[in-house]
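All values derive from a computational prediction rather than experimental measurement. Letters go in sequence order (proteins before strands), and every chain restarts at 1.
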2 protein chains.
Amino acid sequence: MTATETADTETAATEAAPATGTRDGIASQRIANSLRDAILSGVYSPGSRLRQEDIAEQFDASRLPVREALRSLQADGLVTIVANTGAWISRLSLAECREMYQIRERVEPLLLKYSQPMLTPADLAHLESLVHQMENAADVETFLRLDREFHMLTYSGADTLILGPTVERLWNSTQHYRRAFTKLQNPRGNSVIHHEHNLLVAALQRTDIEEAERVLFGHIRRTRLELERHPELFA
Amino acid sequence: MTATETADTETAATEAAPATGTRDGIASQRIANSLRDAILSGVYSPGSRLRQEDIAEQFDASRLPVREALRSLQADGLVTIVANTGAWISRLSLAECREMYQIRERVEPLLLKYSQPMLTPADLAHLESLVHQMENAADVETFLRLDREFHMLTYSGADTLILGPTVERLWNSTQHYRRAFTKLQNPRGNSVIHHEHNLLVAALQRTDIEEAERVLFGHIRRTRLELERHPELFA
DNA sequence: AATGCCATCATTGGATCCATTGATCCGACT
DNA sequence: AGTCGGATCAATGGATCCAATGATGGCATT
């Protein structure tokens, strides 16, 4: 261990530790957030190169905050960095995507269990409205936005510091493949998803959390199985 | 969206993307790994300050790779960075630790399901041996090392790119509290854990994956419930 | 004497410059 | 003609320097 001599002084110090607030660098965080939004909204495709200099120029900054931003995005799994070579938008294999969905199947019901008791009647009404809007969604981007809004609203009652952000990262990592898959289908043609959403809202209205968890599990699982039938979407 | 004009050129480019290998910076990665080991082995305690300059001096490098290393550790949840202020070893609240354990309860059985079919008779024999060694473990550090080795061996058959690393991060984030909790107990006094480990190995030997998953779930859950009875370990 | 304000200082964030690594292209050799 | 090897070039990794922010201590004032 190389960090021995300072350790005891440090452990003794325990200076006023922050409240867990992960507020971060000014420029680097701004760049990371903008890039994240760009990636999630489909501006970049998996496999495309991210040149530090180009990004630095876009944000009118030096390459240094860009490097730190890329590091953050790598942590989110959105970017893949190879030493001395460069950064690329992460490209998931079918196997990796499958794992992510299986994690979601098991973790999101837990988040729902945290959230459900705090959902208000207004939230439930809004959920019903979102289902209707999705049934009438014309284009893919609207559909995706509403779908995310729907599920995030079901989770909005959860006051969690780990679970919520974890689920959000899982959603972000698979966002591109959700878009690609949605494009394959006629958004209004696939009515199963709307039925599932309705069942979920109904269970939440009855405060039947176990049934809600089951429906959510099945919803994610069915999506995964359908996704697995389209290996052409992957590398 | 600020990154529009280069997007189309980038999406078209799709230059040879790397194989998902997250190999990384030479110095920054070395620093990150060393710091990670130091944190996990208990050299630093939660809440202790990490000064960039001190670390840079320890590793005979400039502050720049240290900053990137801290960023990586922040991504792992081991370090908390506050803008313009500094970095601290992450301090989990009881609620956060509880969430992590609940995630583990649901995710680790899935990883076990991936691993079980690939476990060899030699692996199973080694697992039995580890249980015996744990029963005779004299000190806390040995106990912790064997416990980690045992569980990681049960997962060693899993060829996963997402799940495995995810579980490892969950273990790392809670390592300090596992140590603190273990110290409270007489390592040899608590025989429940050894019974659970034996049940797990037995189920794996019978290739009864469902029972193995149940035992593992209960094992993690029981640990969580006992941990929750010791709020004095947290901030 | 206690408290609030101000100045100094320590520490982090960012920019520029240099070193190093990896990729591409051309030429020579088989 | 094809392939292997080397040289050039582009892009990343790291070091040093400068700016800005937060913290600490002393001083004055009430």
Side-chain angles (χ1 to χ4, degrees), chain A residues 2-3 6 9-10 13-35 44 47-75 79-90, chain B residues 2-3 6 9-10 13-35 44 47-75 79-90:
Chain A
T2 37
T6 57
T9 73
E10 295 293 351
T14 306
E15 312 157 31
T20 334
T22 316
R23 223 186 68 227
D24 214 86
I26 301 162
S28 58
Q29 193 64 15
R30 187 175 59 88
I31 295 174
N33 288 334
S34 292
L35 276 180
Y44 302 95
S48 58
R49 176 77 180 271
L50 294 174
R51 250 170 274 267
Q52 295 182 358
E53 214 155 353
D54 297 349
I55 300 170
E57 193 182 1
Q58 287 173 26
F59 289 93
D60 198 41
S62 88
R63 277 173 38 220
L64 201 148
V66 173
R67 279 159 64 175
E68 305 201 356
L70 290 176
R71 213 41 85 91
S72 294
L73 295 172
Q74 180 190 32
V79 161
T80 301
I81 299 177
V82 177
N84 292 318
T85 306
W88 285 263
I89 301 292
S90 290
Chain B
T2 37
T6 58
T9 71
E10 296 293 350
T14 305
E15 312 157 30
T20 335
T22 316
R23 222 184 70 227
D24 213 85
I26 301 161
S28 57
Q29 192 64 14
R30 186 175 59 88
I31 295 173
N33 288 335
S34 292
L35 276 181
Y44 303 95
S48 57
R49 177 77 180 271
L50 293 175
R51 251 170 274 268
Q52 295 182 358
E53 213 155 353
D54 297 350
I55 300 170
E57 194 183 359
Q58 286 173 26
F59 289 94
D60 198 41
S62 87
R63 279 172 37 219
L64 202 148
V66 173
R67 279 160 64 175
E68 304 202 356
L70 290 176
R71 214 39 87 87
S72 293
L73 295 173
Q74 180 189 32
V79 163
T80 301
I81 298 177
V82 177
N84 290 319
T85 305
W88 285 262
I89 301 292
S90 290

Review point. Measuring from Glu68(A):CD to Ser72(B):OG, what's the distance to the nearest 0.5 Å?
Key: 10.0 Å
Practice item. Rounded to the nearest angstrom, tell me the gap between atom CD in Gln29(A) and atom C1' in dT21(D). Key: 17 Å
Review point. Can you tell me how far C1' of dG14(D) sits from CD of Glu68(A), to the nearest Å?
Key: 13 Å
Review point. So, is Arg49(B) close to the dT12(C) phosphate, meaning a side-chain N or O under 4.0 Å from OP1 or OP2?
Key: yes
Revision key, fill the gap. Atom CD1 of Ile26(A) and atom P of dG14(C) are separated, to the nearest Å, by 6 Å
Point to revise | Residue pair Thr80(A) / Ser90(A): nearest heavy atoms and the distance that separates them | key: OG1-OG, 2.8 Å
Practice item. Check whether any side-chain nitrogen or oxygen of Gln52(B) sits under 4.0 Å from OP1 or OP2 of dG13(C), and answer yes or no. Key: yes
**Study point:** Asn84(B), nearest nucleotide to its side chain (from dG22(D), dG14(D), dT12(D))
**Key:** dG22(D)
Review point. Taking atom C1' of dG14(D) as reference, at what distance in whole Å does atom CG of Leu70(B) sit?
Key: 16 Å
Check your understanding: Should Leu64(B) and Leu64(A) count as side-chain neighbours, where that means a heavy-atom distance under 4.5 Å?
Key -> yes
Got a list of protein N/O to nucleotides 16-19 of chain C N/O distances below 3.5 Å?
none

Review point. Side chains of Ser34(A) and Gln58(A): closer than 4.5 Å at any heavy-atom pair?
Key: no
**Study point:** Where Ile81(B) and Leu70(B) come nearest, the two heavy atoms and their spacing
**Key:** CD1-O, 3.8 Å
Review point. Can you check the Asp60(A) CG to dA15(C) C1' distance for me, whole Å?
Key: 12 Å
Revision key, fill the gap. From CD1 of Ile81(B) across to P of dG22(D) the rounded distance in Å is 16 Å
Exercise for review: Would you check if the side chain of Thr85(A) reaches a backbone N or O of Ala83(A) as a donor-acceptor pair within less than 3.5 Å?
Suggested key: yes
**Study point:** Ala61(A): partners by side chain to side chain contact (heavy atoms under 4.5 Å, CB included), with sequence neighbours left out
**Key:** Ile31(A), Pro65(A)
Check your understanding: Which residues satisfy the side chain to side chain contact (heavy atoms under 4.5 Å, CB included) test with Ala75(B), sequence neighbours excluded?
Key -> Ala75(A)
Point to revise | Glu57(B) CD to dG14(D) P, straight-line distance once rounded to whole Å | key: 19 Å
Check your understanding: Is the closest side-chain heavy-atom distance between Asn84(A) and Ile26(B) below 4.5 Å?
Key -> yes
Exercise for review: Ignoring backbone atoms, test whether Arg30(B) places a side-chain nitrogen or oxygen under 4.0 Å from the OP1 or OP2 oxygen of dG13(D).
Suggested key: no
Practice item. Note down the inter-axis angle between the two ends of the helix from dA1(C)-dT30(D) to dT30(C)-dA1(D), five pairs each, to the nearest 10°. Key: 10°
Review point. Rounded to whole angstrom units, what separation is found between the CZ atom of Phe59(B) and the C1' atom of dG13(D)?
Key: 17 Å
